[in-house]
Amino acid sequence: MPTSAPPRPLLRRVTDPQQSMRARGEPMLWLCGGALAMCLLMVVGLLTFVTARGLGTFWPTAAVQLRLPDGTLRLGEITRESTFTPSAEQIAGLGDAEKAVALPFLHSRDGVSVRHLIRTGNTGDQFFWVPDYLVVEQTTPEWALVVEREATVDRQSWGRFYGFPTELRIDGATVADTPAATMARFAVEHDANRARVDAARSIRKQQLGALSTREEEARLYARRMELRHGADSPEHRAALAAIATVAQANVEPRERLNAELARLEAENTRYQMRFRTADGTVQDLYLADIVRLYPANQLSLTGKLAVFWDRWIEFLTAEPRESNQEGGVWPAIFGTVLMTLIMSLLVVPLGVLAALYIREYARAGLVISAVRVAVNNLAGVPSIVFGVFGLGFFCYLTGGSIDALFYPERLPNPTFGKAALVWASLTLALLTLPVVIVATEEALAAVPSSMREGSYACGASKWQTIRRIVLPRAMPGIMTGTILAMARGAGEVAPLMLVGAAKWVPELPFDGEAPYLHPSRSFMHLGFHIYDLGFQSQNSEAAKPMVFTTTLLLIGVIMVLNVTAVFLRSRLRRRFVAAQF
Amino acid sequence: MPTFTGLHRTRQTSRLVAFSDRFARAAITVGGIATIVAVATVCLFLVWVVLPLLGSGDAAPLEPVARADRRPVLEIAEDPYRHLGWLLQDDGTVVAFASQDGTTVETQQLFTRPAVRCVARQRNRVLLGRADGKVEFGSVEFGNQVASSTDSPQAQALRPGEVLVDGTRLFERTPEGQWRLQQLQLRHEQPTPLGAAAVEHCDFAESANAMLVAAVTEDGLLHFKRRTTRHDLLLDEDIVELTGASMPLSEIVPDLGEQKPDHVLLTGAGDSVFLIWNDGRLLRLDTRDRDAPRLAERLQVVPAGRRITCVGFLIGKTTLLIGDDQGDVASWFCTKPPAADTIDGATLVRARVFPPASPSPVVALHASSRSRLFVAGHADGRLRVWQGTSERLVADVRLPAGATLVAAALSPKDDGILAASTSNLHRWDLHPGHHEVTPATTFLPVWYEGAVGPEQVWQSTGGTDDFEPKLGLWPLIYGTLKATFYCLLFGVPLALLAAIYTSEFLHARARARIKPLIELMASLPSVVLGFLAGIVFAPLVAEHLVAVLLAIPVIPFVLMTFAQLWQQAPPWLRPTIERLRVPAALLAVPTGVYVAVLLAPAVESMLFAGDFKNWLAVATRAADDPDRGSPFGGWLLISTPFAAMAAMFVTARLASGWRGDTANLRRFGFGTVAAVAIGCGTSALLSAVGLDLRDSLFGTFDPRNSLVVGLAMGFAVVPIIYTIAEDALSAVPDHLRAASLGAGATPWQTAVRVIFPTAMSGVFSAVMIGLGRAVGETMIVVMAVGGTPIMDISVFNGFRTLSANIATELPEAVRDSSHYRMLYLAALCLFAMTFVLNTAAEVVRQRFRRRAFQL
């Protein structure tokens with residue numbers, strides 16, 4: 001070092017503001033902070049948005065009646081609105097009466113207009129955009145009713161209905177002729193009508209269904225005998241005779257049930273409610289087709305709450321109707337939960353076994369590090385790849401072999417060789433296996449080796465140590481892993497599109513019919529329901545509210561699972577911190 | 001036995017304990033290994049499904065059988081079930097034979113010589129050109145009907161799968177137990193006159209509602225006719241009429257002279273007639289106007305010195321096959337290049353050449369009626385089955401030595417080859433395999449029929465029977481990469497900056513709350529994000545497109561402005577407001593959005609001709625359209641970040657000497673002006689040069705575009721990158737931090753120069769894992785883009801990723817078809833891509849761990 005160099009000053013004060021700014025990096029700090037703020041806004045905004053839209057769906061809104069310049073009336077609910085500037089062509093396309101109303105209106109607003117999407121229902125489920133420059137008068141008539149109805153059997157009409165009640169008729173005779181009296185009488189009669197609808201549905205589905213099942217079973221038995229012993233063998237002939245016997249035995253009950261159905265339906269056709277719609281036509285609805293009805297503009301807060309509550313209950317407990325656009329999502333909730341449960345039953349033992357092997361039994365070496373890399377890798381494999389694997393390996397290969405071995409009589413209709421609950425659960429189990437393995441491994445690693453050594457010192461065998469000392473300590477960690485796996489499995493949709501989820505299934509995969517759990521059935525799933533409603537449904541406008549509520553429900557389920565996991569994890573940490581001292 | 005302690009074991013381990021220990025060890029080992037094996041199965045199974053794609057087809061010879069007579073053969077064919085075959089011999093007899101043993105089942109006369117001069121056949125239809133100037137349609141086929149068991153006493157005893165020849169009829173018991181009856185049926189229609197002279201060459205094509213006929217007669221006339229059938233009420237019979245042009249060839253081609261062509265062929269669409277001479281000359285006549293065929297082009301289709309020996313069409317009658325005397329088969333089809341100088345804008349090009357095993361003239365060509373396979377028979381007895389698009393040699397078989405090939409055909413179901421030599425009939429069982437797929441067709445451009453040149457296309461299904469599936473994976477891989485790129489462009493900076501702030505500048509208590517909140521976002525199901533992106537986000541972006549684009553530079557700018565104002569706070573206040581930075585930023589971000597929305601209309605009218613989407617759709621506008629707009633705005637949008645960087649550099653050079661309380665503010669102002677100036681200058685320059693981004697980066701606007709997907713997938717990827725990167729940053733030991741701060745570095749300097757480099761490998765692996773997730777993301781892409789598999793880099797256009805393609809197409813794919821296996825290959829590609837990414841991440845992470853341990 002040259003000695004002639006002047007000594008460095010010991011202290012150097014930063015006086016140059018430019019340098020201080022660059023050193024402190026204030027603008028960059030702001031960029032970082034801004035990024036964090038954006039992330040937070042994204043999460044919170046998304047959750048708030050979904051919550052608001054999801055919760056708002058079932059809140060009853062006012063029924064408004066709009067008078068258009070040509071005198072037509074539109075009655076319905078306003079579902080959303082948007083601001084727009086009508087183009088010159090749009091205005092040129094208006095009729096004279098419309099122009100007379102629209103032009104001064106637009107002039108006063110600088111050409112900017114708000115349009116409302118109004119749901120007018122009645123024939124099918126219809127929606128109209130009505131720009132405000134075409135609204136001559138907007139009223140909320142006192143007796144405007146919002147009617148939610150079920151599709152009639154011939155599917156002539158479905159969806160919402162808006163109208164004014166005029167009379168209630170039994171056997172064609174008027175029994176109530178003022179709106180108030182009609183409503184009162186409706187309240188009296190409605191429940192009995194709906195009970196008959198439910199009874200008819202139960203007869204159709206369960207009792208008549210049971211008869212057909214018996215016939216189908218006899219037919220399958222005959223086919224099995226034919227395959228096993230050859231056509232025209234004594235067994236086959238006996239089985240064929242049995243088919244005839246079953247069919248014979250079914251004739252009488254079937255006739256009885258059909259008669260009962262006819263009676264219920266005849267009874268239901270007696271009760272009708274007469275409505276006047278906004279355009280003045282008179283329409284009769286059967287009470288039996290009406291799911292719910294309320295005078296939207298008369299409801300008090302409690303009345304609204306009651307409708308809101310009622311709709312939520314229906315949403316959570318009923319089956320979907322009107323091609324999934326109305327009704328509930330109970331089968332989807334059930335399917336999601338059942339699939340997730342079966343998946344966790346499969347994945348937890350396997351994952352724990354694998355983790356125990358890797359951590360406690362296998363000798364450290366190249367193989368184990370390779371296995372670790374493989375497991376970590378598997379965690380990153382896209383879920384759709386698992387779906388592809390599941391379809392080929394489980395559905396086609398495994399399921400196909402099971403069909404060929406055990407259900408040859410049903411071929412070519414596949415039993416297990418198609419999308420099914422069990423295959424979906426297995427596929428998702430494979431998908432979530434790394435989550436469980438990694439979590440269990442971490443939990444096992446966190447058990448201090450001093451405890452193991454202590455156990456050995458007391459003379460315990462390896463298995464005893466694992467069972468009595470290691471596993472109990474690692475339990476919360478394993479639980480966390482399980483719950484995280486469940487959360488991941490419940491939210492995965494891409495593989496389910498291939499291996500098990502269906503748009504609509506008539507039967508739950510678990511019911512009162514032996515063998516109770518039907519692993520070969522396909523099932524409904526909340527996530528798939530969102531995809532299907534949002535993107536495959538024919539009337540996307542009518543389906544939209546349902547999608548938001550379903551989304552809210554799914555996010556809710558997954559959030560609860562995750563928060564539980566986070567809570568468990570923090571409790572686990574606290575316990576270990578305590579254990580170290 | 002002496003022990004270490006000198007004590008002896010007096011108590012035995014309980015047998016139960018010992019047993020359960022051994023049992024547990026065995027069970028855990030087996031279970032554990034089985035689980036891990038199961039994991040490996042995933043990859044192996046995918047490979048197992050994909051492997052047959054590589055396998056070639058093969059043909060197994062069956063015993064040759066003797067022919068009944070040795071007449072020359074014009075045509076040969078087989079029934080779909082491969083029990084019966086027929087030969088059309090030179091003398092007009094049709095010999096139906098049992099395929100199994102070659103016995104003649106029946107002989108019928110289709111025509112007689114010399115009344116008939118030429119024959120054209122397509123599947124089971126034939127057209128006969130007669131010496132009296134008439135043409136006659138007919139058909140040769142095996143009538144195929146379900147019989148009852150009483151039709152033939154012997155047939156009753158058949159077991160499923162067995163075949164019986166009873167007289168001229170063939171009975172077959174199907175596997176379902178029914179009886180199928182087949183019998184040769186010849187049909188003739190009334191001959192219809194074309195002209196006066198004998199018909200020398202003829203061909204026909206079935207168009208949508210009529211039959212088209214092209215023929216050349218002995219007197220040098222070309223006839224191009226449309227056959228119509230009308231019902232005559234008076235006679236109560238169908239009357240067949242031919243309408244259309246009859247012109248002397250010399251009128252269409254003035255310099256032709258007296259030569260008449262050796263082959264006349266008509267395309268399937270009826271828009272061209274090919275006149276071919278055996279010396280290799282080809283004239284293509286444009287027959288779009290049916291009444292006035294015109295010469296479109298003339299070509300020499302074989303090299304000089306070679307002669308054409310055989311011609312034919314591939315399925316669909318669009319691709320012409322020309323076999324020459326050296327054994328080459330060339331496929332030719334019409335393309336419409338932009339610079340074509342023919343009258344119909346099309347030109348016939350040679351797409352491929354299928355070489356022989358050894359030079360030997362092509363004597364037979366026959367195309368499959370269900371795929372693009374064809375068989376080429378050579379004079380040396382070789383039969384080569386080719387795929388016309390993938391150029392795969394599906395089978396290469398040869399006749400026994402000494403046999404001379406006279407005719408060859410493929411079975412209707414592509415499951416057999418049938419050939420006739422002068423004395424024998426030869427059959428092969430053909431397994432064509434996945435002939436339309438080769439590694440080259442999967443990953444390289446393929447010249448599909450009618451295309452101007454080789455291209456990469458994924459189009460798995462089509463409307464018509466002769467549709468050819470185009471299974472090129474590149475468009476899908478390209479889409480995947482595009483989605484990943486746009487997603488990371490948005491996600492990586494956001495996640496990393498947020499992670500740095502969280503780990504280095506956030507109070508521990510705030511961090512404990514904020515981090516789980518963002519982690520919560522990671523657990524959001526992608527179907528929810530996809531749904532929101534498709535239903536809520538896409539329309540929003542479409543409506544406020546300019547505002548969204550503006551927000552990208554405006555939000556950072558607003559944050560910078562806030563930072564400058566913050567900087568002006570008196571020093572004593574700073575410790576107090578330090579914690580308020582994030583809340584203030586929470587305010588700044590919406591402010592930025594608001595400013596962007598406010599500015600959007602002005603910017604749109606100034607830079608983008610008033611309407612951004614119209615401005616984008618430049619391809620639809622004429623060059624001199626005043627609404628076309630200038631490319632300036634696009635360049636400005638793109639150049640903003642670079643201009644900002646350049647401005648920083650300039651400011652550091654020019655304005656570093658400024659002093660005073662407001663020096664920073666002034667410098668910021670100067671930098672802003674400089675950035676705008678640089679951006680405008682560059683953009684003006686680039687637009688003046690004539691470069692326009694609207695052909696590439698800014699394509700036509702599609703509401704379901706990369707921008708939306710990039711943002712939505714950013715949502716999915718940000719929390720993952722954020723969490724892992726934050727963990728890596730937090731894992732840097734505190735003594736490094738303390739040392740850096742103690743040495744006088746500011747927290748920012750510490751973060752950027754000490755902490756970030758130390759955690760670099762962890763951060764890298766975070767980005768890799770984020771990348772892996774982006775590559776495989778399915779639902780967001782399915783729901784937010786749907787997407788056509790196109791290859792362009794435009795931000796405003798859609799795409800289709802591997803994963804989305806699998807999700808939409810696999811449920812409909814036929815099991816074990818080529819399409820099905822290609823989708824498995826797509827899954828395998830995804831698997832490989834994520835495998836590489838994750839392994840890279842894992843390796844780097846292990847290095848990071850080792851290094852962190854050393855620290």
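In what follows, chains carry the letters A, B, and so on, assigned in the order in which the sequence lines appear, proteins first and then strands, with residues in each chain numbered from 1. These figures come from a predicted structure and were not determined experimentally.
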With only heavy atoms counted, which part of Val50(A) is less than 4.5 Å from chain B, the side chain, the backbone, both or neither?
side chain
Pick one of side chain, backbone, both or neither for Leu430(A), based on which atoms fall under 4.5 Å of a heavy atom in chain B.
side chain
Is it the side chain or the backbone of Ile358(A) that comes within 4.5 Å of chain B heavy atoms, both, or neither?
side chain
If you count heavy-atom pairs under 4.5 Å between each of Gly530(B), Ala27(B), Ala585(B) and chain A, which one has the most?
Ala585(B)
Please verify the inter-ring angle class for Tyr396(A) with Tyr820(B); under 30° counts as parallel, over 60° as perpendicular, anything in between as tilted.
tilted
Chain A heavy atoms under 4.5 Å from Glu842(B): which part of the residue, side chain, backbone, both or neither?
side chain
Name the member of Val718(B), Leu524(B), Ile500(B), Leu46(B) that forms the most heavy-atom pairs with chain A at distances under 4.5 Å.
Leu524(B)
Which pair of non-hydrogen atoms, one from Gly776(B) and one from Ile384(A), has the smallest distance, and what is that distance?
O-CG2, 4.4 Å
Report which part of Leu29(A) has an atom under 4.5 Å of a heavy atom belonging to chain B: side chain, backbone, both, or neither.
both
Which residue out of Trp30(A), Tyr361(A), Phe528(A) racks up the most heavy-atom pairs below 4.5 Å with chain B?
Trp30(A)
Is the closest basic N to carboxylate O distance between Arg581(B) and Glu26(A) below 4.0 Å?
yes
Check each atom of Ser523(B) against the heavy atoms of chain A and say whether the ones under 4.5 Å are side chain, backbone, both or neither.
both
Given a strict heavy-atom distance threshold of 4.5 Å, which part of Leu350(A) is in contact with chain B: side chain, backbone, both, or neither?
both
Of the listed Phe562(B), Phe668(B), Trp566(B), the one with the largest count of heavy-atom pairs under 4.5 Å with chain A is Trp566(B)
For a quick test of reading the model, state the closest non-hydrogen atom pair linking Gly33(A) to Tyr501(B) and the distance between them.
N-CD1, 3.5 Å
Which of Gly392(A), Gly534(A), Pro349(A), Gly491(A) touches chain B most, by non-hydrogen pairs under 4.5 Å:
Gly392(A)
Phe531(B) vs Phe548(A) aromatic rings, parallel, tilted or perpendicular, using cut-offs 30° and 60°?
perpendicular
Where do Gly380(A) and Asn838(B) come nearest, in terms of heavy atoms and distance?
CA-ND2, 3.4 Å
Shorter than 4.5 Å, heavy atoms on both sides: which option in Val528(B), Val17(B), Val42(B) has the most such pairs with chain A?
Val42(B)
Which of the residues Lys544(A), Glu492(A), Met42(A) is involved in the greatest number of heavy-atom pairs with chain B at under 4.5 angstrom?
Met42(A)
Output, in order, the C-alpha distance, side-chain angles, deciding distance and verdict of side-chain contact (heavy atoms from CB on, under 4.5 Å) for Leu46(A) and Leu529(B).
CA-CA 9 Å; Leu46(A) 190 143; Leu529(B) 292 176; 3.7 Å; yes
Which pair of heavy atoms, one from Gln564(B) and one from Pro27(A), lies closest together, and at what distance?
NE2-CG, 4.1 Å
Evaluate the side-chain contact (heavy atoms from CB on, under 4.5 Å) criterion for residues Glu504(B) and Cys32(A): first the C-alpha distance (whole Å), next the side-chain angles of each, then the deciding distance (0.1 Å), finally the verdict.
CA-CA 10 Å; Glu504(B) 301 303 315; Cys32(A) 292; over 6 Å; no
For Leu559(B) and Gly34(A), which heavy atoms make the closest approach, and how far apart are they?
CD1-CA, 3.7 Å
So Leu586(B) and Leu41(A), side-chain contact (heavy atoms from CB on, under 4.5 Å) or not? Walk me through it.
CA-CA 8 Å; Leu586(B) 278 176; Leu41(A) 283 177; 3.8 Å; yes
Interface residue of largest heavy-atom contact number with chain A, from Phe715(B), Tyr722(B), Phe23(B), Phe831(B), under 4.5 Å:
Phe715(B)
Below 4.5 Å from any heavy atom of chain B, which atoms of Phe393(A) appear? Answer side chain, backbone, both or neither.
both
If you count heavy-atom pairs under 4.5 Å with chain B, which of Leu484(A), Thr550(A), Leu378(A), Leu561(A) comes out on top?
Leu378(A)
So, the part of Pro747(B) with a heavy atom under 4.5 Å from chain A: the answer is neither
Below 4.5 Å from any heavy atom of chain B, which atoms of Asn377(A) appear? Answer side chain, backbone, both or neither.
both
Please identify, among Val43(A), Val385(A), Val388(A), the residue contributing the most non-hydrogen atom pairs under 4.5 Å to chain B.
Val388(A)
Please rank Ile437(A), Leu47(A), Val44(A), Val381(A) by heavy-atom pairs under 4.5 Å with chain B and give me the top one.
Val381(A)
Ala487(A) versus chain B, heavy atoms under 4.5 Å apart: side chain, backbone, both or neither?
neither
Between Val752(B), Ile806(B), Thr29(B), Val589(B), the one whose heavy-atom pairs under 4.5 Å with chain A are most numerous:
Thr29(B)
The interface call for Ala584(B) against chain A, heavy-atom contacts under 4.5 Å, is both
Can Val527(B) and Leu526(A) be said to form a side-chain contact (heavy atoms from CB on, under 4.5 Å), step by step?
CA-CA 10 Å; Val527(B) 67; Leu526(A) 283 174; over 6 Å; no
Name the region of Phe49(A), side chain, backbone, both or neither, that has any atom closer than 4.5 Å to a heavy atom of chain B.
side chain
